[in-house]
Novice: 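Please find one structure pasted underneath; my questions will follow.
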Number of protein chains: 2
Amino acid sequence: MATILIIDDEKEMRELLRLYLEPEGFTCIEADDGEEGLAQFGRRHVDLILLDIMMPKLDGYRFCMHVRERSQVPIIFLTARSDEWDRVYGLKIGADDYIVKPFSPNEVVARVHAVLRRTKGADAAPQYEAGPIVVDEKARKVTVNGKTVLLTLKEFELLVLFLKHRGQVFTREQLLDRVWGIHYVGSTRTVDTHIKTLRIKLGEAGQLIQTVWGVGYKFDETV
Amino acid sequence: MATILIIDDEKEMRELLRLYLEPEGFTCIEADDGEEGLAQFGRRHVDLILLDIMMPKLDGYRFCMHVRERSQVPIIFLTARSDEWDRVYGLKIGADDYIVKPFSPNEVVARVHAVLRRTKGADAAPQYEAGPIVVDEKARKVTVNGKTVLLTLKEFELLVLFLKHRGQVFTREQLLDRVWGIHYVGSTRTVDTHIKTLRIKLGEAGQLIQTVWGVGYKFDETV
DNA sequence: AATAGTTGTGAATATTTTGTGAAACTATTG
DNA sequence: CAATAGTTTCACAAAATATTCACAACTATT
């Protein structure tokens, strides 16, 4: 699951946060000041940063600026009193949320989840191209030979999944997991229907979505 | 001629700067910390700010952020040693230049002139246009086919967000985050209602705000 | 060629999402 | 402290999409 970097100069605070977050399945790493935090951030993949404002050496604001130079990783500020937090300022330099101490376990966990949910997939969405198909994920726009094609939600997400993993064969179950979500219940044949409509809408290019008999489907541009 | 606001906690420094600048024809006003500086800035018209970084109460960086909330007035930072100045950080929050103490009279005068020359006439109101819609963000004014349209706060901010990110699809959650603020609690359907009223007020042009079924809304002028 | 299992397809049905008007609620302003 | 403008919620209608089903068409195996 997600890895969270906790930066606070008080050991007790770090341990408290860890205590709240690890039962939720988060992996926690710690740093006791901004410099150490930057070092940790460089070493490991981090999904979210919990950051104290008042710290020796490199304070929270400056740390945030440095991180924002090279990453859009979500950052939640921790602040001792609400009045020491300058909201406008914090959000300008790229904070995603803030929590005022003292906080409840629920609050921390809820905020972390909320921020992760919000920021998921928010980073740069490039264009995908395959033969005559061009997909702009951000705008949710698809063109085939320059002509706009209107896709429904599921069709679009299927196409994007295929384009992100060209050549890979997906079973219907895998497609249901990744496009419909793991909680989907119902027939796997619904995939077939969406593949059908997607192929029709893509016209000639629909042939790029190939049936792998007895297994599932794949997107193959080498035809 | 131009009025310069000098903010520094050392009286000697302020007088030194005044000594250099007044012979050049500049009018100088002084403040000895950020709070006083903000007060002065609110009271009088200021063409340029000379700002010390290290100050009690509200430091230079924070001060700069506050000013940038409402003005594009040029700001030159003053710093005692070059290593205390974080250039990237300063430029990000909107500094125009910086001067390292100690400085020569010539240097100060030259930098002030240079910055004023550079920024003169640069504060033209940024207008956004899309088809028949023209938005003057500074004046919070919207016209459609030349006719003024009165929008409420939320409607206006929605429209500006859309215009700043044309083509990008926003989920209702993202819109709530960015227009209502990250701590909004309540139904996401309130977005729908504002989209509705915005569309009605924009008339024909309201069609440019498109519904992306199952996802959210986007502003698309390529229809 | 017969068979069993798999996939394609069109149409009917079910479900989800969005639009909308009105009412309730909240600021804001004189 | 009214009056007004703005915001949010609600309930239902309307629209769009998703799912299922039945059967045809296909593939692989004997």
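Reckoned from all heavy atoms, side chains included, excluding hydrogens, waters and symmetry mates. Chain identifiers are assigned alphabetically (A, B, ...) following the order of the sequence lines, protein sequences preceding nucleic acid strands; residue numbering begins at 1 within each chain. For clarity, every value in this text was computed on a predicted model and none was experimentally measured.
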Novice: With distance as the sole test, does A:Ser187 use its side chain to make a donor-acceptor pair with the main-chain N or O of A:Arg189 at under 3.5 Å?
Specialist: yes
Novice: Identify whether any heavy atom of A:Thr152 sits under 4.0 Å from a base atom; if not, whether one sits that close to sugar-phosphate; answer base, sugar-phosphate or nothing.
Specialist: sugar-phosphate
Novice: Given that both distances must come in under 3.5 Å, which nucleotide forms a Watson-Crick or G-U wobble pair with D:dT30?
Specialist: C:dA1
Novice: Can you tell which of D:dT8, C:dT7, C:dT18 lies closest to the side chain of B:Asp192?
Specialist: C:dT18
Novice: Looking at the side chain of B:Arg172, which of D:dT19, C:dG19, D:dT17 is the nearest nucleotide?
Specialist: C:dG19
Novice: Is it true that a side-chain atom of B:Thr197 and a backbone atom of B:His194 form a donor plus acceptor pair closer than 3.5 Å?
Specialist: yes
Novice: Looking across every strand, which nucleic acid part, if any, lies under 4.0 Å from A:Thr211 by heavy atom: base, sugar-phosphate, or nothing?
Specialist: sugar-phosphate
Novice: Check every strand shown and say whether B:Val212 touches a base, only sugar-phosphate, or nothing at a heavy-atom separation below 4.0 Å.
Specialist: sugar-phosphate
Novice: Contacts to DNA chain D from residues 162-171 of chain A, heavy-atom cutoff under 4.0 Å, which residues?
Specialist: none
Novice: Mind checking B:Val215 for me? I need base, sugar-phosphate or nothing, with any heavy atom below 4.0 Å counting as a touch.
Specialist: sugar-phosphate
Novice: Ignoring backbone atoms, test whether A:Trp180 places a side-chain nitrogen or oxygen under 4.0 Å from the OP1 or OP2 oxygen of D:dT19.
Specialist: yes
Novice: Choosing from C:dG8, C:dG19, D:dA18, which nucleotide comes nearest the side chain of A:Tyr217?
Specialist: C:dG8
Novice: So what does B:Thr190 hit on the nucleic acid, given a heavy-atom distance under 4.0 Å: a base, only sugar-phosphate, or nothing?
Specialist: base
Novice: Indicate, with a heavy-atom threshold strictly under 4.0 Å, whether A:Ile195 touches base, sugar-phosphate, or nothing.
Specialist: nothing
